[in-house]
Amino acid sequence: MNNTNEASARPRRKTMMFDLDGTMYRGTQPIEAGIRAIEFCRAHEIPYLFLTNNSMRTPQENADHMNRMGYTDIRAEDFVNSAMAAARYVKHLNQGNRAWMIGQDGMKQALLDEGFEITDDHPDFVFIGLDKTADYAKYSKALALLLDGAKLVGTNMDRILAKPGGFEVGNGSVVAMFEYATGQKSPQIAKPYAPILETALAYAGISKEDAVLIGDNLETDIALGYNNGVRTLFVESGVHHREDIERLEVIPDETVASLDEADFLRLSAIDQTIV
């Protein structure tokens with residue numbers, strides 16, 4: 001069998017870019033419709049990746065997390081996160097490769113993959129990613145490095161994070177603390193801002209016309225597409241519901257209560273246009 005001819009005969013399809021928490025799972029609990037959506041995409045050769053503002057986990061840790069909760073054959077290469085976007089964005093500035101960080105393994109791997117040297121000896125940049133183990137001493141060290149001339153880079157600006165029974169401090173609130181203390185402004189990198197989209201498109205090797213953004217958060221997932229001319233599918237499985245659309249003035253192209261309602265064959269058709 002000629003695999004090259006077979007591949008060329010298949011219809012080219014748009015890439016589905018799925019959010020994670022609230023779309024694929026809630027904490028450690030899978031969203032069953034998410035499992036079925038990935039299985040459908042895989043069965044019908046619809047390309048997909050996972051696009052997340054969460055910088056804590058490495059792509060391999062993300063894959064392990066999903067496979068443990070019932071997804072199958074999820075791979076590290078299926079993920080793009082805000083740490084990867086932040087490291088790529090700063091690397092392209094060509095303003096130095098010495099960095100210090102607050103963050104976890106996802107942040108560290110992203111910096112090393114882009115060729116940064118992680119050091120507290122006069123770094124060019126201080127990256128701030130979510131680190132639930134960070135303490136006052138670590139925050140004070142980051143402040144000292146920033147006041148000494150390092151540039152502030154926050155991976156994402158999520159103000160709060162949902163957890164069972166309530167909320168906890170999001171990385172954006174930590175970044176805002178450093179902005180206030182130093183007078184610096186972090187670049188806007190993660191959803192709903194363009195740099196993370198540019199990273200995902202480059203990673204997938206596609207243009208924005210060949211992507212569909214899928215998520216539960218109107219202010220991040222859907223606003224990313226709304227602001228950048230990328231088709232969106234809003235699913236009511238997480239943060240927001242359709243009554244929030246008018247209030248937030250972020251208009252998805254399509255809305256479903258569950259990913260089971262999504263027509264992925266139609267969504268992925270390459271001639272699908274934004275209307």
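Side chains included, hydrogens not; waters and symmetry mates left out as well; all remaining heavy atoms used.
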Q) Which atom pair, heavy atoms only, marks the closest approach of Thr23 to Leu259? A) O-CD1, 3.9 Å
Q.
Restricting to side-chain contact (heavy atoms from CB on, under 4.5 Å), what partner residues turn up for Lys208, sequence neighbours left out?
A. Leu201, Val230
**Q.** For Phe234 against Asp216, the heavy-atom pair lying closest together
**A.** CE1-O, 3.3 Å
Q) Is there a donor-acceptor pair closer than 3.5 Å between any side-chain N or O of Asp244 and the backbone N or O of His241? A) yes
Q: Show the numbers, then the answer: is there a salt bridge (charged side-chain N to carboxylate O under 4.0 Å, His left out) between Glu45 and Arg13?
A: CA-CA 8 Å; Glu45 298 182 332; Arg13 292 197 173 276; over 6 Å; no
Q: Enumerate the residue pairs fulfilling salt bridge (Lys or Arg N to Asp or Glu O under 4.0 Å) with a member in residues 197-206, sequence neighbours excluded, ordered by first and then second residue.
A: none
Q) Taking it one step at a time, do Lys108 and Asp105 satisfy salt bridge (charged side-chain N to carboxylate O under 4.0 Å, His left out)? A) CA-CA 5 Å; Lys108 182 178 181 180; Asp105 288 345; over 6 Å; no
Q: Using modelled atom types only, decide if a donor and an acceptor are shared between the side chain of Asp148 and the backbone of Ala144 within a distance under 3.5 Å.
A: no
Q. Run the side chain to side chain contact (heavy atoms under 4.5 Å, CB included) check on Arg68 and Thr28 step by step: do they pass?
A. CA-CA 9 Å; Arg68 281 194 299 268; Thr28 59; over 6 Å; no
(Q) Could you work out, with side-chain contact (heavy atoms from CB on, under 4.5 Å) as the rule, every residue matching Ala200, not counting sequence neighbours? (A) Met17, Leu51, Val80
Q.
Show, in sequence, the C-alpha distance, side-chain angles and deciding distance for Asp221 and Leu213, and conclude whether the side chain to side chain contact (heavy atoms under 4.5 Å, CB included) test is met.
A. CA-CA 7 Å; Asp221 309 315; Leu213 290 163; 5.9 Å; no
Q | Heavy-atom side-chain proximity of Asp210 to Ile270 below 4.5 angstrom | A | yes
(Q) I'd like to check Asn171 versus Asn53 (side-chain heavy atoms, cut-off strictly below 4.5 Å). Are they in contact? (A) no
Q: For residues Met16 and Ser268, determine if any side-chain heavy atom of one lies less than 4.5 Å from a side-chain heavy atom of the other.
A: yes
**Q.** ILVMFWY cluster, Leu218 and Val235 together (side-chain gap under 4.5 Å)
**A.** no
Q.
Test of understanding: clusters of I, L, V, M, F, W, Y form through side-chain heavy atoms closer than 4.5 Å, transitively. Do Val239 and Ile31 belong to the same one?
A. no
Q: Without swapping roles, check the side chain of Thr15 against the backbone of Ala211 for a donor-acceptor pair under 3.5 Å.
A: no
Q: Would you kindly confirm whether Met101 and Leu130 end up in one hydrophobic cluster when ILVMFWY residues are joined by side chain heavy atoms under 4.5 Å apart?
A: no
(Q) For Asp19, give me all partners under salt bridge (charged side-chain N to carboxylate O under 4.0 Å, His left out), at least two apart in sequence or on another chain. (A) Lys191
Q: Begin from the C-alpha positions of Ser55 and Phe127 and carry the test side chain to side chain contact (heavy atoms under 4.5 Å, CB included) through to its verdict.
A: CA-CA 11 Å; Ser55 67; Phe127 286 79; over 6 Å; no
Q: With side chain to side chain donor-acceptor pair (under 3.5 Å) as the test, would you mind laying out the steps for Gln60 and Thr58 before giving the verdict?
A: CA-CA 5 Å; Gln60 186 59 59; Thr58 67; over 6 Å; no
Q: Tell me, please, which residues at least two apart from Asn54 pass side chain to side chain donor-acceptor pair (under 3.5 Å).
A: none
Q. Tell me, which pairs form a salt bridge (Lys or Arg N to Asp or Glu O under 4.0 Å) where one or both residues lie in residues 28-39, sequence neighbours left out?
A. Arg36-Asp260
Q.
Main chain of Glu77, side chain of Tyr203: is a donor-acceptor contact present, judged purely on distance under 3.5 Å?
A. yes
Q | Flag, side chain of Glu236 to backbone of Arg242, donor-acceptor distance under 3.5 Å | A | yes
Q) How far apart are the C-alpha atoms of Asp121 and Arg98, what are their side-chain angles, what is the distance that settles it, and do they pass the salt bridge (charged side-chain N to carboxylate O under 4.0 Å, His left out) test? A) CA-CA 8 Å; Asp121 181 15; Arg98 296 165 63 82; 3.7 Å; yes
Q: Sort and list the pairs that fulfil side chain to side chain donor-acceptor pair (under 3.5 Å) and have at least one residue in residues 79-88, not counting sequence neighbours.
A: none
Q: Answer yes or no: is there a side-chain heavy-atom contact under 4.5 Å between Lys132 and Met56?
A: yes
Q.
Please find the pair of heavy atoms, one from Met66 and one from Phe79, that lie closest to each other, and give the distance.
A. SD-CZ, 3.6 Å
Q. Going only through I, L, V, M, F, W and Y residues with side-chain contacts under 4.5 Å, is there a path from Leu20 to Val212?
A. yes
Q. Does Ile74 reach the side chain of Ile38, with side-chain heavy atoms less than 4.5 Å apart?
A. yes
**Q.** Taking every non-hydrogen atom, the tightest pair across Thr155 and Gly129
**A.** OG1-CA, 3.6 Å
(Q) Donor-acceptor check, side chain of Asp124 to backbone of Asn97, threshold 3.5 angstrom: yes or no? (A) yes
Q. Who pairs with Ile251 by side-chain contact (heavy atoms from CB on, under 4.5 Å), at least two apart in sequence or on another chain?
A. Tyr226, Ile245
**Q.** Whichever hydrophobic residues join Leu145 through chains of side-chain contacts under 4.5 Å
**A.** Trp100, Ile102, Val126, Ile128, Tyr139, Leu143, Leu146, Leu147, Leu152, Met157, Val169, Val174, Val175, Met177, Phe178
Q. How far does CG of Leu49 sit from CD1 of Ile206, to the nearest 0.5 angstrom?
A. 7.0 Å
Q: Indicate yes or no for a side-chain donor-acceptor contact from Asp131 to the backbone of Gln104 under 3.5 Å, with no hydrogens or angles considered.
A: no
Q | Distance, nearest 0.5 Å, that separates OH of Tyr71 from CZ of Phe50 | A | 7.0 Å
(Q) Does Glu243, at its CD atom, have more than 12 non-hydrogen atoms belonging to other residues, nucleotides or ligands within less than 6.0 Å? (A) yes
Q.
Applying side chain to side chain contact (heavy atoms under 4.5 Å, CB included) to Phe116 and Val90, what does each step give before you reach the verdict?
A. CA-CA 10 Å; Phe116 283 92; Val90 173; 3.8 Å; yes
**Q.** Beyond-backbone contact of Leu267 with Arg231, side-chain heavy atoms, under 4.5 angstrom
**A.** yes
Q) For Gly103 and Met107, which heavy atoms make the closest approach, and how far apart are they? A) CA-CB, 4.2 Å
Q) Can you list the residues that meet the ring-ring contact (aromatic ring centres under 6.0 Å, His included) rule with His65, with sequence neighbours excluded? A) Tyr25
**Q.** Over 12 non-hydrogen atoms of neighbours within 6.0 angstrom of OH in Tyr193
**A.** no
Q: Mind checking side-chain contact (heavy atoms from CB on, under 4.5 Å) for Gln95 and listing every partner two or more places apart, or none if nothing turns up?
A: Leu93, Phe125, Lys151
Q) Do the side chain of Ser237 and the main chain of Ser258 share a donor and acceptor less than 3.5 angstrom apart? A) no
Q | In one Ile/Leu/Val/Met/Phe/Trp/Tyr side-chain cluster, 4.5 Å: Leu111, Val153 | A | yes
Q. Between Met84 and Pro59, what is the shortest heavy-atom contact and its length?
A. SD-CG, 4.1 Å
(Q) Run the ring-ring contact (aromatic ring centres under 6.0 Å, His included) test against His44 and tell me which residues pass, sequence neighbours left out. (A) Phe40
Q: Determine whether Thr72 and Arg42 make a side-chain contact, defined as any pair of heavy atoms from C-beta on separated by less than 4.5 Å.
A: yes
